[in-house]
There are 2 protein chains.
Amino acid sequence: MKISDVAKRTGLDAKTIRYYESIDLVDSPPRRENGYREYGEQGIQQLGFLRKARKFGFSINECRALLALWANPNRRSTEVHGLVTEKVRDIDTHILELKAMKKMLSELLVQCPDDDNPNCAIISKLAEEQE
Amino acid sequence: MKISDVAKRTGLDAKTIRYYESIDLVDSPPRRENGYREYGEQGIQQLGFLRKARKFGFSINECRALLALWANPNRRSTEVHGLVTEKVRDIDTHILELKAMKKMLSELLVQCPDDDNPNCAIISKLAEEQE
DNA sequence: TATTGACCTTATACTTACTATAAGGTTTAC
DNA sequence: GTAAACCTTATAGTAAGTATAAGGTCAATA
């Protein structure tokens, strides 16, 4: 299977697939006589795994750990559980930060006249002295 | 005022301040005889503005626009309002994405035994064929 | 006075996770 | 036969800094 077909099947871009290979995230597939990459089921599955893990928000390095756990028949599910628990905490923190930003901006929005005059609570707030 | 004092007053790192200067986000301050940057009130205020705008989630380029609006006495508050409205929408989208991720991961977490066995719903999910 | 430590300066490389570009070789369809 | 659509590599760009190296300066102490 050629790289573009793998791209279609996994949902990854061909460039992303080459990139993952370049950083040794996935094994280098064998090559055809003309130099083209020839993927087998295993390579395709690894890439599909990566696609999903990335969509779940795992970083490349976390994906590296997940791939290793996947490949390890002696893994302990608690390791995976720990990794994911931490990720959920990260996401929660991130959500709280974004909500705080949104709240502040929304409060300022209602105070901004939204007209042709220069006065604007948002600009004033940003220009304020001190925190 | 020297750069480290400006850093303390604005909450920005001295390196970040130099970086902002290097990308022409802020004006270059005059120099002392020894080559040290010497900041005046105006420079300090610009940097304080930037600090807050960045904390509100605006990108460097958005900050560029906000700084220009701030400096422009003929600005129309509706321009600022538009920028901020869009930012709030971005934040909302982002929050929704994170919540979706969190939901999926949380659902998988309760299905993962969290013990010494290799079986794990999370790994299985990632390894699944098809979306 | 010498030296130590805390500053300041610049230039360059690293980070994350790709994406874009250039410059070229190959395959396929008409 | 040739043009489009692939494939290859190497290199540079993106965002927003952070880290490092290599050096100059300043203030306090021994």
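The chains referred to below are lettered A, B, ... by the order of the sequence lines, with proteins before strands, and numbering in each begins at 1. Values in this document were obtained by computation on a predicted structure and should not be read as measured data.
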Q: For the pair A:Glu107 and A:Lys103, find out whether any cationic side-chain nitrogen is under 4.0 Å from an anionic carboxylate oxygen.
A: yes
Q: Which residue lies toward the 5' end of DNA chain C, A:Asn61 or B:Ala14, if each is placed at its nearest nucleotide?
A: B:Ala14
Q: Would you tell me if any nitrogen or oxygen in the side chain of A:Tyr20 comes within less than 4.0 Å of OP1 or OP2 on C:dC18?
A: yes
Q: Does B:Ser4 put a side-chain nitrogen or oxygen below 4.0 Å from OP1 or OP2 of C:dA6?
A: no
Q: Show me the pairs that pass salt bridge (charged side-chain N to carboxylate O under 4.0 Å, His left out) and involve residues 109-121 of chain A, at least two apart or across chains.
A: A:Asp116-B:Arg76
Q: Who are the side-chain hydrogen bond (donor to acceptor under 3.5 Å, both in side chains) partners of A:Arg64, not counting sequence neighbours?
A: A:Asn61
Q: Is any side-chain nitrogen or oxygen of A:Ser59 closer than 4.0 Å to OP1 or OP2 of C:dT16?
A: no
Q: Should the pair A:Glu38-A:Lys2 be classified as a salt bridge under the 4.0 Å nitrogen-to-oxygen rule?
A: no
Q: State whether A:Glu128 and B:Arg51 are salt-bridged, where the test is any N-O pair (Lys NZ or Arg NE/NH1/NH2 against Asp/Glu carboxylate O) under 4.0 Å.
A: no
Q: Tabulate below the donor-acceptor pairs under 3.5 Å that side-chain atoms of residues 11-18 of chain B make, not counting sequence neighbours, or state none.
A:
unit_1: B:Asp13; atom_1: OD1; unit_2: B:Lys15; atom_2: N; d: 2.8

Q: For B:Asp5, what residues pass the salt bridge (Lys or Arg N to Asp or Glu O under 4.0 Å) criterion, not counting sequence neighbours?
A: none
Q: For A:Arg18, which contact category applies under a 4.0 Å heavy-atom criterion: base, sugar-phosphate, or nothing?
A: base
Q: Got a list of protein N/O to nucleotides 24-27 of chain C N/O distances below 3.5 Å?
A:
unit_1: C:dG25; atom_1: N2; unit_2: A:Tyr36; atom_2: OH; d: 3.1
unit_1: C:dT26; atom_1: O4'; unit_2: A:Tyr36; atom_2: OH; d: 3.4
unit_1: C:dT27; atom_1: OP1; unit_2: A:Asn34; atom_2: ND2; d: 2.8

Q: Please identify the 5'-most and 3'-most nucleotides of DNA chain D with any atom under 4.0 angstrom from a heavy atom of chain A.
A: D:dC6 to D:dT9
Q: When all nucleic acid strands are considered with a 4.0 Å heavy-atom cut-off, which category describes B:Ile23: base, sugar-phosphate, or nothing?
A: nothing
Q: What does A:Arg31 touch in the nucleic acid at a heavy-atom separation under 4.0 angstrom: a base, only the sugar-phosphate, or nothing?
A: sugar-phosphate
